[in-house]
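Side-chain atoms are counted along with the backbone in the values below, which use heavy atoms only and exclude waters and symmetry mates. These numbers were taken from a predicted model, which means no experiment stands behind them.
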Amino acid sequence: MEADPREVVRRGYDALSYRYRGDDDAPAEYAAWRDELLGRLPAGADVLDAGCGCGVPMARDLAVAGHRVTGVDVSEVQIERARRLAPEATFVQADLTEAAFDDASFDAVVCLYAVIHVPVEAQPALLGRFARWLRPGGWLLLVAGDRAWTGTEDGWLGGDTPMWWSHGDRDDYRAWLSDAGLTVTDERFVPEGDGGHALLWAQRPR
C-alpha cells in the first residue's frame, strides 16, 4: 500500500527536524518577513503560525515582540522543540487540514513553506479556512509554490528519510486566495536552488 503523503511529511520532519533548522538558525528572509508583518500588526495581536516547525524564528520572534502566537505543526518532534524554543507561544500538534479555530480568531496567519506539504486538491479549502480564521483587516503571509509540481525526494537533506511536496502554481494560489475572499496585495518570487517559491501577502477586507 502506498504511504499516505501526509505521513511521509510527518515522519520526515520527525527524523530531520535538526537538519532542517538548528535551534539558533536565523534565516535572513524570515527576519525581513517578520519585520514587515510586525509593521502590519496591532499591539498584542493574535497570530497563527500554520506549519510552525520548531518555532524558530517566526513564532518565537513574534511572541517575544508581545503578540499572542499559536503554532500548529504535524510533527511531534517539531512541536516539542517549539515548546522549548518559544515558551511564550502556544503550540498544537495537528495536521493543518484538521486544525480547528473559531472564525475571526486571528489578526494574522503565517504559513511559510507548509501549504506545499498538503495535497494540492486540499489546498483551496485550507486557504478558505485561513481566510475565515482572520479578523476583518487581518493578514495572510503565505509562501507557496511558484510552479505546479507534486513529488517525493529520497534522501532529503542528506538523511535517509523521504519528503513529499504538492504545489500549485502562482496563478492557482492567487485564484484560490481570491475565491477565499482575500485580496492579494503583493507577490514576490523567493529563489531557492534552481527554482523557487511564491510569497503572497493577502488581506481580509475590513
*For Ser105, does its backbone N or O pair with a side-chain atom of Arg135 as donor and acceptor, under 3.5 Å?*
yes
*When His197 is tested against each of Phe189, Tyr113, Tyr173 for ring pair (Phe, Tyr, Trp, His ring centres under 6.0 Å), which residue passes?*
Tyr113
_From Leu140 atom CG to Leu200 atom CG, the distance as rounded to the nearest 0.5 Å_ = 8.5 Å
_What I'd like to find out is whether the side chain of Met58 reaches to under 4.5 Å of the side chain of Arg34, using heavy atoms alone._
yes
*Is any NZ, NE, NH1 or NH2 atom of the basic residue among Arg188 and Glu36 found under 4.0 Å from an Asp or Glu carboxylate oxygen of the other?*
yes
*Any chain of hydrophobic side-chain contacts (each under 4.5 Å) joining Phe91 to Val110?*
no
*Quick one: do Thr161 and Trp156 satisfy side-chain contact (heavy atoms from CB on, under 4.5 Å)? Show the steps, please.*
CA-CA 6 Å; Thr161 304; Trp156 185 55; over 6 Å; no
*What distance separates Thr185 OG1 from Leu182 CG, expressed to the nearest 0.5 Å?*
10.0 Å
*For the pair Asp49 (side chain) and Gly55 (backbone), establish whether a donor and an acceptor sit closer than 3.5 Å, ignoring hydrogens and angles.*
no
*Any idea which heavy atoms bring Gly51 and Ala114 closest together, and the distance?*
CA-CB, 3.7 Å
*Do the side chains of Tyr30 and Arg21 get nearer than 4.5 Å, heavy atoms only?*
yes
*Please test Gln93 against Asp73 for side-chain contact (heavy atoms from CB on, under 4.5 Å), starting from the C-alpha separation and ending with a verdict.*
CA-CA 5 Å; Gln93 184 188 354; Asp73 201 275; over 6 Å; no
_Ile79 side chain reached by Cys52 side chain, heavy atoms, under 4.5 Å_ = yes
*Just how far is it from atom OG of Ser75 to atom CG of Leu16, taken to the nearest 0.5 Å?*
10.0 Å
*So, Thr97 and Asp95: side-chain donor and acceptor under 3.5 Å apart, yes or no?*
yes
_Residue pair Val120 / Asp172, side-chain heavy-atom distance below 4.5 Å_ = no
_Does the plane of the ring in Trp149 sit parallel, tilted or perpendicular to the ring in Trp165? Use 30° and 60° as the thresholds._
tilted
*Quick one: does Pro42's side chain get under 4.5 Å of Asp107's, heavy atoms only?*
yes
*Decide whether Val56 and Leu141 are clustered together by the hydrophobic rule: side chain heavy atoms of Ile, Leu, Val, Met, Phe, Trp, Tyr closer than 4.5 Å, transitively.*
no
*Which atom of Val8 lies closest to which atom of Pro162, heavy atoms considered*: CG1-O, 3.8 Å
*Crowded around Arg84 CZ? As in, over 12 foreign heavy atoms under 6.0 Å?*
yes
*Nearest non-hydrogen partners of Arg19 and Gly159, listed with the distance*: NH1-N, 3.8 Å
*Do Phe130 and Trp139 make the cut of ring centroids closer than 6.0 angstrom?*
no
*Measure the spacing between CG of Leu62 and CG of Asp46 and express it to the nearest 0.5 Å.*
12.0 Å
*With sequence neighbours excluded, what pairs up with Arg81 under the side chain to side chain donor-acceptor pair (under 3.5 Å) test?*
Ser17, Asp23
_Can you list everything that forms a salt bridge (charged side-chain N to carboxylate O under 4.0 Å, His left out) with Asp171? Sequence neighbours excluded, please._
Arg174
*Any donor-acceptor N/O pair, Asp25 side chain to Gly22 backbone, under 3.5 Å*: yes
*Compare every heavy atom of Arg206 with every heavy atom of Pro136, then report the nearest pair and how far apart it is.*
CB-CA, 3.9 Å
*With the 4.5 Å side-chain cut-off for hydrophobic clustering, are Leu199 and Leu112 part of the same group?*
yes
*Val64-Leu48 co-clustered via ILVMFWY side chain contacts under 4.5 Å*: no
*For residues Gly168 and Gln123, report the shortest heavy-atom separation together with the two atoms involved.*
N-OE1, 4.4 Å
*Please test Met163 against Val9 for side-chain contact (heavy atoms from CB on, under 4.5 Å), starting from the C-alpha separation and ending with a verdict.*
CA-CA 6 Å; Met163 184 51 70; Val9 172; 4.0 Å; yes
*asked:* Distance check, rounded to the nearest 0.5 Å: His67 atom NE2 versus Glu88 atom CD?
replied: 13.0 Å
*Check for a donor-acceptor pair, side chain of Asp103 on one end and backbone N or O of Trp133 on the other, with a separation under 3.5 Å.*
no
*Rounded distance [0.5 Å steps], CZ in Phe106 versus CZ in Arg68*: 10.5 Å
*Would you check if the distance from the ring center of Trp201 to the ring center of Trp33 is below 6.0 Å?*
no
_side-chain contact (heavy atoms from CB on, under 4.5 Å) for Leu85 and Arg60? Distances and angles first, verdict last._
CA-CA 7 Å; Leu85 296 172; Arg60 178 200 61 197; 5.7 Å; no
_Partner set under salt bridge (charged side-chain N to carboxylate O under 4.0 Å, His left out) for Asp169, not counting sequence neighbours_ = none
*How close do Ala108 and Leu37 get, heavy atom to heavy atom, and via which atoms?*
CB-CD1, 4.0 Å
*Would you say Tyr20 and Val72 are hydrophobically clustered, going by side-chain heavy atoms of ILVMFWY under 4.5 Å?*
yes
